[in-house]
Amino acid sequence: MRKRDKEIIQTLQLFRAMTRDQIAELFYGYTKSPSTNANFALKRLRDRGYIEADVTSQPYTYFPKPSRIKVNGQKVEHFLKITDFYLQLLKQGEKDIKHFSIEPQFPNIDVRPDIFMFWRGTYFFTEVQNTHYTQKVMQQKINRYEAFMKSNEWKECLPFKVKNFPTIWIIADHTYNVKSEYVRIVQSKDVNALLARMKPKKETGINIKIG
């Protein structure tokens, strides 16, 4: 199997679901015909039984085989949005992303972020909202993060030794009126929106440490 084919399969396993265009951007963005090159590779992998596709969507949405989620299930759009978020981060600089894990699980802890990552000098628990939660539900989520922080178990659960509790980054079209005296919260509709708020007015370069 070609090295690139293996990378595509591994990436699908990580992100659960990706559109043809997302795969083309990630793996073939440097070529003259990203979509065409992606189509050839994805057809080859489908024909050989390594991946599967939802052919009712345009462009097709692809999944590892076997898939960890239902091909036509409600969670597909959520994982596609996570992939979009990752691609936005890459556009700001691949070297800025030191760690990126999706839905990490912490034993005996009632906290499950969509993403745990280290980006631009800061650790984040990222919540990618594909649906509009109520204010009460979001505040309850923040309260669980507070309980996690106060327990000090996060120091043992995280894959790295982290000095400060990760920042909670909420990605959503709607800004939630959530508050905490114990954990830091940032909100934006996407990566660019956050950077635009933090970019120094008199500087053209961006080199921001958020934490």
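The figures that follow rest on heavy atoms only: side chains count, while hydrogens, waters and symmetry mates do not. For clarity, every value in this text was computed on a predicted model and none was experimentally measured.
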Are more than 12 heavy atoms from other residues, nucleotides or ligands located less than 6.0 Å from atom [atom1] of [X]?
X: Arg144; atom1: CZ; answer: yes
X: Phe106; atom1: CZ; answer: yes
X: Lys65; atom1: NZ; answer: no

Using the rule that Ile, Leu, Val, Met, Phe, Trp and Tyr join whenever any side-chain heavy atoms are under 4.5 Å apart, tell me whether [X] and [Y] fall into a single cluster.
X: Phe85; Y: Phe118; answer: no
X: Tyr182; Y: Val162; answer: yes
X: Ile109; Y: Leu158; answer: yes
X: Leu195; Y: Trp169; answer: yes
X: Tyr50; Y: Leu12; answer: yes

Using 0.5 Å steps for rounding, measure from the [atom1] atom of [X] to the [atom2] atom of [Y].
X: Lys136; Y: Lys141; atom1: NZ; atom2: NZ; result: 15.0 Å
X: Phe79; Y: Lys81; atom1: CZ; atom2: NZ; result: 14.0 Å
X: Ile51; Y: Leu45; atom1: CD1; atom2: CG; result: 4.5 Å
X: Ile8; Y: Leu42; atom1: CD1; atom2: CG; result: 5.5 Å
X: Leu26; Y: Leu90; atom1: CG; atom2: CG; result: 6.5 Å
X: Leu87; Y: Gln92; atom1: CG; atom2: CD; result: 12.0 Å

| Check against side chain to side chain contact (heavy atoms under 4.5 Å, CB included), Arg46 and Val55 | CA-CA 12 Å; Arg46 281 185 67 202; Val55 299; 3.9 Å; yes

Can you find a pair of side-chain heavy atoms, one from [X] and one from [Y], that are under 4.5 Å apart?
X: Ser101; Y: Met117; answer: no
X: Tyr28; Y: Ser33; answer: no
X: Glu7; Y: Arg2; answer: no
X: Asp173; Y: Gln129; answer: no
X: Arg16; Y: Ile82; answer: no
X: Thr56; Y: Asn72; answer: no
X: Val128; Y: Ile115; answer: yes

Does any N or O in the side chain of [X] come within less than 3.5 Å of the main-chain N or O of [Y], such that one atom is a donor and the other an acceptor?
X: Arg112; Y: Asp110; result: no
X: Gln22; Y: Leu80; result: yes
X: Gln88; Y: Val191; result: yes
X: Asp96; Y: Arg120; result: no
X: Ser57; Y: Thr61; result: yes
X: Ser67; Y: Phe63; result: no
X: Arg4; Y: Phe27; result: yes
X: Thr134; Y: Val137; result: yes
X: Ser180; Y: Val183; result: yes
X: Lys98; Y: Trp119; result: no

| request: Kindly indicate, with the supporting measurements, whether the criterion side chain to side chain contact (heavy atoms under 4.5 Å, CB included) is fulfilled by Ile97 and Leu89. | output: CA-CA 8 Å; Ile97 307 172; Leu89 293 177; 3.6 Å; yes

Show the nearest heavy-atom pair for residues [X] and [Y], with the distance to one decimal.
X: Lys179; Y: Glu146; result: O-OE2, 4.2 Å
X: Ser35; Y: Asp21; result: OG-OD1, 4.1 Å
X: Pro59; Y: Thr19; result: CG-CB, 4.5 Å
X: Gly29; Y: Pro34; result: CA-CG, 4.3 Å
X: Val178; Y: Gln135; result: N-NE2, 3.5 Å
X: Ile171; Y: Lys189; result: CG2-O, 3.5 Å

| request: Quick one: do Arg20 and Glu25 satisfy salt bridge (charged side-chain N to carboxylate O under 4.0 Å, His left out)? Show the steps, please. | output: CA-CA 9 Å; Arg20 187 278 314 276; Glu25 179 179 344; over 6 Å; no

Give the ring-plane orientation class for [X] versus [Y], where under 30° counts as parallel, over 60° as perpendicular and anything between as tilted.
X: Tyr60; Y: Tyr62; answer: tilted
X: Phe165; Y: Phe148; answer: perpendicular
X: Tyr86; Y: Phe15; answer: tilted

| message | Determine whether the aromatic ring centres of residues Tyr145 and Phe125 are separated by less than 6.0 angstrom. | response | yes

| query | Passes side chain to side chain donor-acceptor pair (under 3.5 Å), Asn37 versus Thr31? Steps please. | reply | CA-CA 8 Å; Asn37 291 326; Thr31 67; 3.0 Å; yes

| query | Under the ring pair (Phe, Tyr, Trp, His ring centres under 6.0 Å) criterion, do Tyr123 and Phe116 qualify, and how do the steps go? | reply | CA-CA 7 Å; Tyr123 287 95; Phe116 171 63; 5.8 Å; yes

| said: The test is side chain to side chain contact (heavy atoms under 4.5 Å, CB included); show your working for Ile142 and Ile168 and say whether it passes. | reply: CA-CA 8 Å; Ile142 297 300; Ile168 301 170; 4.1 Å; yes

| task | Let me see the working for His132 and Tyr176 under ring pair (Phe, Tyr, Trp, His ring centres under 6.0 Å), right down to the final yes or no. | result | CA-CA 10 Å; His132 186 95; Tyr176 292 93; 5.7 Å; yes

| query | Taking it one step at a time, do Phe160 and His99 satisfy side chain to side chain contact (heavy atoms under 4.5 Å, CB included)? | reply | CA-CA 10 Å; Phe160 308 101; His99 178 80; 3.4 Å; yes

| side chain to side chain donor-acceptor pair (under 3.5 Å) assessment of Gln74 paired with Asn130 | CA-CA 10 Å; Gln74 295 181 347; Asn130 194 50; over 6 Å; no

| task | Please determine if Lys75 and Glu103 form a salt bridge, counting it only when a charged side-chain N lies under 4.0 Å from a carboxylate O. | result | yes

